[in-house]
Amino acid sequence: MRVNAYAAPAAGQPLAPTTIDRRDVGPNDVLIEIEYAGICHSDIHTVNGDWGPQPFPVVPGHEIVGVVTEVGPEVTRHRVGDRVGVGCMVNSCGECANCRNGNEQYCLNGMVPTYAGSDRDGTTTQGGYSTHVVVDADFALRVPDGIGPAEAAPLLCAGITTYSPLRRWGAGPGKRVAVVGLGGLGHMAVKLASAMGAEVTVLSQSLKKQEDGLRLGADHYFATSDPHTFAQLAGRFDLVVNTVSAPIDVDAYLSLLAVDGALVNVGAPAEPLSLNVMSLIGGRRTYAGSMIGGIGETQEMLEFCAEQGIGAEVEVIAADQVNEAYERVLASDVHYRFVIAAATLR
C-alpha cells in the first residue's frame with residue numbers, strides 16, 4: 001500500500017512530502033487511517049542526527065491516533081471503526097523477562113521503535129507523519145471515549161513518559177513533586193501529578209509560563225534562574241521529574257530532594273550529564289531514568305486520563321507547517337504540543 005507522508009531525506013534537512021510503502025495487513029495486524037500525529041522533541045533529535053546515524057529517509061511520528069480500517073484474521077482486540085493509538089514502539093520479542101513482565105519498552109532483545117527501526121520483516125519502520133500505518137494489533141492501544149483524538153495523540157509519548165515515573169515513584173497525596181520544564185512533557189507531568197493528588201511545583205528557567213503552570217494544576221512555580229530558588233527549596237521534594245532535553249546541573253537538582261527522594265530523567269539531552277556521587281550519598285538520594293511504559297501501563301494511562309478529563313494542550317497544524325513547527329519547538333514557542341492533522345496529507 002503506497003501512502004502519502006512527510007520525511008526527512010537526510011540529517012539536518014527539512015522534511016518534505018513523499019510516498020512510502022506500508023506492508024500488507026498480516027494475520028495479527030491492523031491498518032490504521034491516521035487522524036493526528038504529535039510532534040515530539042525526539043523526532044527533532046532523530047532527524048537532526050543528534051542520536052547518531054539514522055536510516056534516512058525517515059518519516060517521524062510516534063504519537064499516533066487514528067481509526068482501524070482493516071484487521072487481520074487473528075485479531076480479537078480491535079475491530080474496524082475503533083479509535084486506537086500507537087506510541088513509541090510497534091513490536092518486541094514477547095519472550096524475554098521484561099516483555100513477560102509487561103515492560104516491552106525494555107525488551108532485552110530490543111523493542112522495535114515506531115520509526116527509524118528494523119521491523120520484523122527487515123524493513124525500516126516509518127512513523128505517523130503519514131496517512132496510514134500497519135502495526136501489530138498487540139501494540140495498538142484503545143483510545144477511550146472522552147478524550148478528543150488530537151488531544152489524545154501526545155498521550156502516546158508525552159503522557160506515558162511522565163505517567164510511568166510518577167506511578168513508579170509514588171506520586172500521590174502527601175507527596176511533593178517537582179517538574180523541571182513546562183514544555184510538551186512537562187505540561188503533561190503537571191496535569192498527571194496534580195490529578196494523582198500530589199503537591200506539584202514547576203521549576204522553569206523563568207516565570208513567563210507561571211500563569212499556565214498554575215492553570216494546568218501546579219501549586220507552586222519557581223524560576224531556576226533566580227539564585228535564591230535552589231537554597232529556598234533545598235531538601236523539599238520526594239520526586240523531581242526532569243523533562244527538559246538540555247543539560248542541567250544534576251548536583252543542584254539533587255540538592256532539592258528530601259531523604260530517599262528521587263530525581264528522574266525523562267528528557268534526553270544529546271550531551272552527557274555528570275554528577276558528584278556525594279550528592280547521592282549525602283541524602284540517600286536516587287538518580288534514575290525512565291522511558292515510556294509498557295503496553296499495559298500505557299493503556300492504564302489512557303484510561304486514567306479519560307477518567308480525569310486529561311488531554312494534552314495542542315496546536316493542530318497542517319503537514320506543510322512541520323518544518324516551521326520544529327523551529328518553534330526548539331525556540332520553546334508552543335503551548336504545548338504540535339499535532340499534525342493527517343487529513344492535510346491526503
[atom1] of [X]: more than 12 outside heavy atoms within 6.0 angstrom?
X      : atom1 : answer
Glu211 : CD    : no
Arg2   : CZ    : yes
Asp21  : CG    : yes
Gln210 : CD    : yes
Arg284 : CZ    : no

Under 3.5 Å side-chain donor-acceptor pair for [X] and [Y]:
X      : Y      : value
Tyr129 : Asp43  : yes
Asn265 : Tyr287 : yes
Thr131 : Arg346 : no
Arg22  : Ser130 : yes

Single-linkage hydrophobic cluster, 4.5 Å side-chain cutoff, Met301 and Val143 together: yes

Using 30° and 60° as the class limits, which term best fits the ring planes of Tyr253 and Phe230: parallel, tilted or perpendicular? perpendicular

Just do the side-chain contact (heavy atoms from CB on, under 4.5 Å) check on Asp136 and Val90 with the steps written out, would you? CA-CA 7 Å; Asp136 187 293; Val90 291; over 6 Å; no

Determine yes or no for a side-chain-to-main-chain donor-acceptor pair under 3.5 angstrom, with [X] supplying the side chain and [Y] the backbone.
X      : Y      : result
Arg285 : Asp260 : no
Gln126 : Val59  : yes
Glu70  : Val68  : no
Thr243 : Val180 : yes

Yes or no on side-chain contact (heavy atoms from CB on, under 4.5 Å) for Arg337 and Cys40, after CA distance, side-chain angles and deciding distance? CA-CA 8 Å; Arg337 205 64 154 184; Cys40 177; 3.4 Å; yes

Are Glu303 and Arg142 close enough for a salt bridge, meaning some N to O gap below 4.0 Å? yes

Partner residues of Phe237 under the ring-ring contact (aromatic ring centres under 6.0 Å, His included) criterion, sequence neighbours left out: none

Evaluate Met89 against Ile295 for side-chain contact (heavy atoms from CB on, under 4.5 Å), listing each step before the verdict. CA-CA 9 Å; Met89 58 182 169; Ile295 293 299; 4.1 Å; yes

Side-chain touch Arg168/Val264, heavy atoms, less than 4.5 angstrom: no

Residue of the set Lys191, His335, His187 for which side chain to side chain donor-acceptor pair (under 3.5 Å) holds with Glu313: Lys191

side-chain contact (heavy atoms from CB on, under 4.5 Å), that's the test. Do Phe304 and Leu192 meet it? Break it down for me. CA-CA 9 Å; Phe304 178 81; Leu192 290 166; 4.0 Å; yes

